Amino acid sequence: MKLYEFQGKRIFRENGIPVDAGKLLKLGQQIENISAPKVLKAQVLTGGRGKAGGIKIWDGLSDVSQIIENLFELKIKGESVGGILLQEMVEIQREFYLSITYKGTKATPVLIVSAAGGVEIEKIAQEDPEKIVAIPLNPLVGPSEYQVRYVAKKIGYENYRELKLLIDNVYKVFRKYDATLVEINPLAVTPDGLVAVDAKVNLDDKSEFRHKELFEGLLKEQLSLQKDDVKAATEEQDTITYVPLSGTVGLISDGAGTGMLTLDIIKDAGGEAANFCELGGTTNAEIMYKAMTMAMEKPGMDSLIVVLIGGFNRMDHMAEGIIKYRNDHGFKVPVFVRMCGTLEQVGKEMMKESDIPVFNDLQETVNHAVALVRRK
Ligand code: GDP
Ligand code: MN
């Protein structure tokens, strides 16, 4: 489960990581008595908000409610803005990157640090890999003194004690909440020391049974921010059944039985469904298009599976809906379509002409979608 920045920051604050947890503004909420300058941050589950215009600084000269209104109208990589985090402006002297995640090949947590923070770590990894240090951590011991001293030296940060305390607390969060990623980018050097200016926390869905209340609370909070789009879409088209879930693999199916089967296969393959969208009733291209719109709205999705078994349902119509959606909006995540049954050949031909791959085998389709999630 991916958390919003404000959720991650709340966890940071509760665990001694220096952060301004800020104040969350929901749509339609009035703001009172605020003084400039402030940083306003769109809350979405995808990264790269800064570049997409999702972070604004209010200097007191312009109308802050106008900035808020504009932010709420933004779509960031297809995702609506659920809320806005209102923060004190901090003076940033330097920006580091710091995270703890699992590295499959080492089967252990790794601490990743870079002096070139602020920008996307993937970019640094490609262009200047020597600027990143990745240190495998002993899971029984956690970050050791010598490892943190090495990091401090590498990034040129003098206050070793402060850095050690911060890294210890990041590791504490990583373990205590069964996270798969805790990322601070940027970790800012300010006149008051280190501050986590951004927070990205992903929790392991498989650990839900250990944190029932936590997961429930976080998910409820997320849905309360997202519901409007999804609700509106559901009310508009009542043959579509839409169920938001907390994983990362989206699912559209043209029948409930196939959908349930696919949910099981996703789970067996090691994935977790992000949502379940069943077309239901008699379908046509327009309904397929709507289902694509609803499913794609879900934040935190890494891939989308579309399972179609044509009975009454015509594959040329389904292909038409998918292709039109792609042409209008593009795919914000990779889409894996399994198509068979009525007018299968026509549908497949249309998909081929539009360069959208189609699979024959359900297991294979799911494997592709889940493998993609696991690489993240
Ligand atoms: P992201 O683009 O989604 O990763 O959002 P971030 O929270 O990382 O913010 C992007 C950039 O905005 C940061 O790297 C900072 O340079 C800038 N920024 C965010 N908050 C502040 C702040 O309080 N003060 C200053 N000066 N810059 C900020
Ligand atoms: Mn960031």
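Side chains are part of it too, since the values below use all heavy atoms of this structure and drop only hydrogens, waters and symmetry mates. In this chain, residues are counted from 1 in sequence order. Just so we're clear, the structure is a prediction, and the values are computed from it rather than from any experiment. Ligands are counted one by one from 1 in listed order, and the atoms in each one are counted from 1 as well.
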Return the residue, atom name and 0.1 Å-rounded distance of the protein heavy atom closest to atom 28 (C) of ligand 1. Ile92 CD1, 3.8 Å
Can a protein heavy atom be found under 4.0 Å away from atom 10 (C) of ligand 1? yes
Which protein heavy atom lies closest to atom 15 (C) of ligand 1, and at what distance to 0.1 Å? Glu95 OE2, 3.2 Å
Among Ile184, Thr190, Asn185, Leu85, whose heavy atom sits nearest atom 8 (O) of ligand 1? Asn185
With ring pair (Phe, Tyr, Trp, His ring centres under 6.0 Å) as the criterion, how do Phe215 and Tyr177 come out once you've worked through the C-alpha distance, each side chain's angles and the decisive distance to 0.1 Å? CA-CA 10 Å; Phe215 269 73; Tyr177 297 86; 10.0 Å; no
Could you walk me through whether Arg338 and Glu364 pass salt bridge (Lys or Arg N to Asp or Glu O under 4.0 Å), step by step? CA-CA 9 Å; Arg338 189 265 177 132; Glu364 192 194 348; over 6 Å; no
Identity of the N, O or S atom of Asp198 lying closest to the Mn ion (ligand 2): OD2
Using heavy-atom distances only, which candidate in Arg49, Gln87, Gln43 approaches atom 3 (O) of ligand 1 most closely? Arg49
Contact partition for Lys41 relative to ligand 1, non-hydrogen atoms under 4.0 Å: side chain
Is a salt bridge present between Glu221 and Lys26, judged by a nitrogen-to-oxygen distance below 4.0 Å? no
Using a strict 4.0 Å threshold on nitrogen-to-oxygen distance, state whether Glu297 and Lys75 make a salt bridge. yes
Give yes or no for whether the N/O distance cutoff of 3.5 Å, strictly under, is met between Val90 and ligand 1. yes
Going by an N to O cut-off under 4.0 Å, is there a salt bridge joining Lys38 and Asp59? no
Give the residue, atom name and distance (to 0.1 Å) of the protein heavy atom nearest atom 20 (N) of ligand 1. Val197 CG1, 3.4 Å
Under 2.8 Å: N/O/S of Glu183 next to the Mn ion (ligand 2): no
With a cut-off of 4.0 Å, which atoms of ligand 1 are near a heavy atom of Glu88? 23 (O)
With distance as the sole criterion, is a donor-acceptor pair present between the side chains of Glu162 and Tyr157 under 3.5 Å? yes
May I ask you to check whether Thr180 and Asp204 show a side-chain donor-acceptor distance below 3.5 Å? no
Polar contacts were defined as any N/O atom of the residue lying under 3.5 Å from an N/O atom of the ligand; does this apply to Gly50 and ligand 1? yes
